[in-house]
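Taking it in order: structure first as structure tokens, then the write-up.
All heavy atoms count here, side chains included; hydrogens, waters and symmetry mates do not. Just so you know, residue 1 is the first one in the sequence shown, and it goes up from there.
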Amino acid sequence: MTTDRPLLGITLMLGFCAVAPMGDSIAKYLGPYIPLGQILTVRFAVQALVLLPLVFLIGQTLWMSPRNLWLTFLRTVLHILGVGAMFLSLRYLPLADAVAIAFVMPFIMLLLGWLVLGEEVGHRRLIACAVGFAGTLLVVQPSFAEVGLPALLPLFVALIFALFMLVTRQLAKVTHPVSMQCLSGLMACVLLLPFIGLSLQTGWAPFALVMPSAGLAWLLLLLGLLGSVGHILMTLALRFAPTATVAPMQYLEIPFAMLFGWLIFRDFPNGLAALGIAITIGAGLYVIYRERVTARSAPQSPAAAPPAAE
């Protein structure tokens, strides 16, 4: 077990907020050229191949207790569903729209952290979370009447990833993040490869195989690397801070998504979107300020030793 260190958890989550939209941008770009199943399989295969030697280099192991092994399996299934639904939504929605609609997730996380984990949720964090969500509404001015059923995909992503992060929170305290991510990548490959084989027999389009160009192949590799780094950052963040602490910080994915959307896809924010970006950043900075105040007033605790793998 490790002692909670909220400021470190917030910093790690900020790193995740920058890396995750980079991966989403690449997935959106690859969407017209590469089938969804192939993108998912390569993404998790790269995760497993990159992290497997690292597990042994840092002296860790893939062995887990039966309980943690089942939790890792559940986490892997949720991860596949969440990433797949997000990548699919990006084929229909602008990058910032998809990310912002999915940001009902922190509310779900707060409720699950309170109801399931018994975590304390102060009124200041609830207010910051609500203000941040109000900012996301200004960023994209979502209208389900205009985008139709694909707008429901990010809502599904939000629910799945709220459950995913809840399970991750349980594992992060007792399992090394590199080992967890490596094993999750291996499990994902085992789950996805049969669908690839089925596609080879039946021609099922979502899991069809295509030969990418050299440029697209490099982008597929980069997508896997970004996914691995991003979720290690997120796992470490949940290892050191409660879900109620890091949930509001994820609103900062919105400004990054807006930036990448503008640079890559030329999606320009209007005045209301700029105001929404300012509000979300302000809400995130306020949470950091509150954590600093809390950290100063709390008694110092000894540094925690790294947890042994179970």
Side-chain angles (χ1 to χ4, degrees), residues 2 12-13 15-16 18-20 22-24 26-27 30 34-84 86-87 160-161 164-165 167-197 199-200 207 209 211-212 214 216-240 305-310:
T2 59
L12 292 166
M13 186 58 75
F16 170 77
V19 170
M22 292 183 194
D24 290 339
I26 293 175
L30 291 173
I34 309 292
L36 177 62
Q38 185 173 351
I39 294 176
L40 287 174
T41 303
V42 173
R43 182 248 180 272
F44 285 104
V46 170
Q47 174 178 313
L49 291 174
V50 168
L51 296 181
L52 185 59
L54 186 58
V55 169
F56 299 103
L57 284 175
I58 63 177
Q60 294 298 317
T61 177
L62 296 180
W63 183 88
M64 292 183 180
S65 67
R67 175 184 179 274
N68 289 338
L69 191 63
W70 278 110
L71 284 175
T72 302
F73 177 79
L74 174 60
R75 181 182 184 272
T76 300
V77 173
L78 292 170
H79 200 179
I80 294 172
L81 290 175
V83 172
M86 187 63 184
F87 288 176
I160 291 298
F161 269 110
F164 169 82
M165 294 184 75
V167 175
T168 299
R169 173 68 172 165
Q170 296 294 302
L171 285 167
K173 290 285 188 178
V174 294
T175 305
H176 196 281
V178 174
S179 299
M180 178 171 33
Q181 286 297 105
C182 179
L183 185 58
S184 183
L186 291 171
M187 286 182 173
C189 291
V190 171
L191 291 171
L192 290 169
L193 285 176
F195 291 98
I196 296 289
S199 175
L200 293 175
F207 279 84
L209 291 179
M211 181 60 68
L216 294 180
W218 281 110
L219 285 176
L220 276 170
L221 176 62
L222 181 58
L223 176 62
L225 291 173
L226 289 174
S228 301
V229 171
H231 281 276
I232 285 178
L233 289 172
M234 184 269 291
T235 301
L236 284 170
L238 291 169
R239 186 183 186 189
F240 291 111
E310 290 194 2

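Residues Arg67 and Gln170 are in side-chain contact: their nearest non-hydrogen atoms beyond the backbone lie under 4.5 Å apart. Side-chain atoms of Leu54 and Gln60, non-hydrogen and from C-beta on, never get closer than 4.5 Å to each other.
The aromatic rings of Phe44 and His79 lie perpendicular to each other, with more than 60° between the two planes, well past the 30° mark.
For the atom pair CG of Leu225 and CG of Leu220, the computed distance is 11.0 Å after rounding to the nearest 0.5 Å. To the nearest 0.5 Å, the span separating CD1 on Ile80 from CZ on Arg75 amounts to 11.5 Å. We find the CG-CD1 distance between Leu40 and Ile34 to be 12.5 Å, quoted to the nearest 0.5 Å. Separation of atoms CG (Leu216) and CE (Met211) is listed at 12.0 Å; rounding is to 0.5 Å. Considering CG of Leu193 and CZ of Phe207, their distance stands at 10.0 Å, rounded to 0.5 Å. One finds the SG atom of Cys189 at 7.0 Å from the CG atom of Leu49 (value rounded to the nearest 0.5 Å).
Shortest non-hydrogen contact noted between Met165 and Met13 is CE-CE, 3.9 Å. Gly15 and Leu233 make their closest contact through C-CD1, 3.6 Å (heavy atoms, listed as atom of the first residue, atom of the second, distance). Here the closest heavy-atom approach between residue Leu71 and residue Val167 is recorded as O-CG1, 3.5 Å. Here the closest non-hydrogen pair linking Arg43 and Ser228 is NH2-N, 4.1 Å. Closest non-hydrogen pair, Leu219 versus Ile26, comes out as O-CG2, 3.6 Å. Shortest non-hydrogen contact noted between Leu236 and Pro177 is CD2-CG, 3.3 Å.
In this view, Leu209 and Gln38, Ile196, Leu200 satisfy the side chain to side chain contact (heavy atoms under 4.5 Å, CB included) rule, not counting sequence neighbours. A search for side chain to side chain contact (heavy atoms under 4.5 Å, CB included) contacts involving Met187 returns Leu69, Thr72, Phe73, Thr76, Leu183, not counting sequence neighbours. Applying the side chain to side chain contact (heavy atoms under 4.5 Å, CB included) test to Leu52 and every residue at least two apart in sequence or in another chain returns Phe56, Leu62, Cys182.
In this structure, Thr168 contributes its side chain and Phe164 its backbone to a donor-acceptor pair below 3.5 Å. When atom types are taken as modelled, the side chain of Ser179 and the backbone of Thr61 share a donor-acceptor pair closer than 3.5 angstrom. A donor-acceptor pair is defined here as one N or O able to donate and one able to accept, closer than 3.5 Å; no such pair exists between the side chain of Gln181 and the backbone of Gln47.
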### Query
Going through the checks in order, is the side chain to side chain contact (heavy atoms under 4.5 Å, CB included) test met by Val83 and Phe161?
CA-CA 9 Å; Val83 172; Phe161 269 110; 3.9 Å; yes

